[in-house]
**Q** 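Sharing a structure with you now.
All residue numbers refer to positions in the sequence shown, counting from 1.
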Amino acid sequence: MFKTLRSRIAVLLIAANLPVIAFAITIGLQQFALSDRFDRDRLVQAAELVSARASGIAPGERPIEQAARDQIFLDRGSRGEIAAAIVDKDGRPLARDDETAPYGSAWLPKDGLPTARLDNDDRVLKARGEDGRAYRYAVAPIKNSSALAIVAAPFDVIGHSQTQWLLLALGLPALMVLLCVGLVLFGIERFVLRWIRELRATAASYDGGHLDTKAAKLQGAPRELTELGDTLAAMSRRVEERSLALEAAVDERDRLLRELHHRVKNNFQMIASLLALQRQEAPETLSAVLRAPEDRVRAMAAAYKVSYASGEIGHVAVAELIRDVALQARQTNGARLFEVVAHFPEDAFEVDLDLAVSLALLLTELLSAAAAAADSATVQAAAEPQGKLALTISGPAAGWLPGPSLSQRLIRAYADQLSTAIEELDGGAIRLVVALASEKPTIGMRSRTAA
């Protein structure tokens, strides 16, 4: 509540006008009280005037003649909308003047003379007339007679001028506040908010990645907003220029990294080829010794080859890496048949390049040990919580992991690098868990190709 510019300014305007409203209400209530007092005094004066004119004319027992009535009720102009009558002591009319009363002739109380007095003025009585309406009455005794002069006016007529004062006191300030708030809100909408919406739409376009969007042209906007728009347009140009420069720098970095990975891969393959040539010329006993370092060099080369082929610098697809290492394991055994089957879910799991090298070396050692113990092996992958991947190697009988040797020490070292443990399961299977890449690059070879 009150979070928008319009609502807050409206509250401030209303708060600023509260003293004016309070002052107007105070004056209105005072005028209401004065007008009410004036109308009550006028009603009492009318009764006294009729009583004075009827002195010596109204006997108090029989109806008054027309000539006497005309003399008694000569004050019609001063009484205005006040009806007057002469009644006996029981309230029965002896003479009445209804000509100045637009509310009819049934204004006299239906149960005799009124007795209930106003709380704040005991000169004025109140009762309901024969027509059921509420009236205020003033009664004055007539000198030398038992008759009484009674005058009346409807309560709504008495309160009419007072109500006008009160409504005027409340209505005018309220109307002024409403007009003021309406005009200010219209001005805010016309001169501020619509231009702010234009600027906000431009900013939202930047946030969506559309850096080539230009700031809205604020023609007709106040100078402050126009200057803000020009500043935003200049900022957008600088952001676009720097973004283009950054993308060019990232492209150059990716190109250099790809070239570096390509050369590292070629160097590993060259080393592996040299070892293979040396192994072919070496005696049979030495040839078996050279096979292990050749496999390890080819495993490191496989990680760089898969990374280079994917086009995503620094990330390696686990499925492609394991297939490459499995193919290498099948070829290592020469004439002896060794089959490796890999099962992967549909998700494309990736690991960082530094972990991929350690993973390739670890799988090479494990598959080499599995090949020495069985004719086939199965590598199965499954997703784990918290961004991890579980690999299970099964096939050989229990106890196929190498004993104390260089291969055993390398397996432990690679497992430490991957922050995992080699867990032996029932039936001879082993299980290890590796951490997947935390996030995929948003700028690089793959994103540019997809675009």
Side-chain angles (χ1 to χ4, degrees), residues 265 268-269 272-273 275-276 279 287-288 290-307 309-310 316-351 355-384 388-403 405-408 410-415 417-418 420-434 436:
K265 174 184 70 73
F268 278 135
Q269 290 179 342
S273 298
L275 289 174
R279 181 171 52 81
S287 177
L290 293 175
R291 167 67 70 176
E294 178 185 345
D295 292 343
R296 291 161 187 153
V297 172
R298 291 188 184 279
M300 291 187 288
Y304 283 91
K305 182 176 71 173
V306 174
S307 176
S310 67
V316 177
V318 179
E320 296 298 327
L321 178 64
I322 294 180
R323 291 190 183 99
D324 200 306
V325 173
L327 178 61
Q328 177 181 308
R330 287 195 296 267
Q331 295 173 350
T332 299
N333 289 274
R336 191 173 71 82
L337 179 63
F338 178 68
E339 190 67 28
V340 181
V341 180
H343 297 286
F344 282 88
E346 296 181 357
D347 295 337
F349 297 110
E350 294 181 340
V351 295
L355 294 181
V357 173
S358 299
L359 180 60
L361 290 169
L362 177 59
L363 290 174
T364 297
E365 297 297 332
L366 292 175
L367 291 178
S368 297
D375 293 333
S376 64
T378 300
V379 181
Q380 189 167 0
E384 290 285 311
K388 293 185 178 181
L389 179 69
L391 297 175
T392 304
I393 302 176
S394 59
W400 58 273
L401 289 176
S405 61
L406 174 62
S407 181
Q408 184 190 63
L410 290 176
I411 288 174
R412 291 178 179 175
Y414 300 147
Q417 292 176 4
L418 294 170
T420 186
I422 305 299
E423 180 183 359
E424 298 188 35
L425 307 177
D426 296 338
I430 66 167
R431 182 176 182 271
L432 57 100
V433 179
V434 296
L436 298 172

**Q** Taking the side chain as everything from C-beta on, heavy atoms only, tell me whether Val433 gets closer than 4.5 Å to Leu389.
**A**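 Not touching, per the 4.5 Å side-chain cut-off.
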**Q** Can you find a pair of side-chain heavy atoms, one from Leu361 and one from Leu359, that are under 4.5 Å apart?
**A**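 SC-SC contact between Leu361 and Leu359 ruled out.
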**Q** Would you give the length of the straight line joining atom OG1 of Thr420 to atom CG of Leu355, rounded to the nearest 0.5 angstrom?
**A**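 These two atoms lie 11.0 Å from each other.
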**Q** Less than 4.5 Å apart, any side-chain heavy atom of Lys305 and any of Gln269?
**A**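 Yes - at least one pair of side-chain heavy atoms lies under 4.5 Å apart.
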**Q** Before you tell me yes or no, could you show the steps for Val340 and Val325 under side chain to side chain contact (heavy atoms under 4.5 Å, CB included), namely the whole-Å CA-CA distance, both residues' side-chain angles and the distance that decides it to 0.1 Å?
**A** CA-CA 10 Å; Val340 181; Val325 173; over 6 Å; no
**Q** For residues Val357 and Tyr304, determine if any side-chain heavy atom of one lies less than 4.5 Å from a side-chain heavy atom of the other.
**A** yes
**Q** Within a strict 4.5 Å, meaning less than it, do heavy atoms of the Glu350 and Val316 side chains meet?
**A**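 SC-SC contact between Glu350 and Val316 ruled out.
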**Q** My understanding is that only one of Ile411, Leu391, Leu401 makes a side chain to side chain contact (heavy atoms under 4.5 Å, CB included) with Ile430; could you say which?
**A**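 Going through the options one by one, the only one that passes is Leu401.
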**Q** Would you name the heavy atoms of Pro396 and Ser394 that are closest together and state the gap between them?
**A** CD-C, 3.6 Å
**Q** For a side chain to side chain contact (heavy atoms under 4.5 Å, CB included) check, start with the C-alpha distance between Leu418 and Leu362, then their side-chain angles and the critical distance, and finish with the verdict.
**A** CA-CA 9 Å; Leu418 294 170; Leu362 177 59; 3.7 Å; yes
**Q** Between the side chain of Ser358 and the main-chain N/O of Tyr414, is any donor-acceptor distance below 3.5 Å?
**A** no
**Q** Decide, yes or no, whether a salt bridge links Arg296 with Glu365 under the criterion of side-chain N to carboxylate O below 4.0 Å.
**A** yes
**Q** Would a 4.5 Å heavy-atom cut-off, applied to side chains only, mark Leu366 and Leu432 as touching?
**A** yes
**Q** Side-chain donor-acceptor pair under 3.5 Å between Glu339 and Ser376, yes or no?
**A**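 Checked: Glu339/Ser376 side chains show no N/O donor-acceptor pair below 3.5 Å.
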**Q** Do His343 and Val341 have side chains that get closer than 4.5 Å, going by heavy atoms?
**A** yes
**Q** So, Ser307 side chain and Ala303 main chain: donor-acceptor pair closer than 3.5 Å or not?
**A**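 No; judged by distance alone, with no hydrogens or angles, the pair does not exist.
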**Q** Can you run down the side-chain hydrogen bond (donor to acceptor under 3.5 Å, both in side chains) pairs that involve residues 422-432, sequence neighbours left out, and say none if there aren't any?
**A** Glu384-Arg431
**Q** Spell out, as yes or no, whether a donor-acceptor pair under 3.5 Å connects the side chain of Trp400 to the backbone of Gly428.
**A** yes
**Q** Which atom names give the shortest non-hydrogen contact between Ala377 and Phe338, and what distance separates them?
**A**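 Of all heavy-atom pairs spanning Ala377 and Phe338, the closest is CB-CZ, 3.9 Å.
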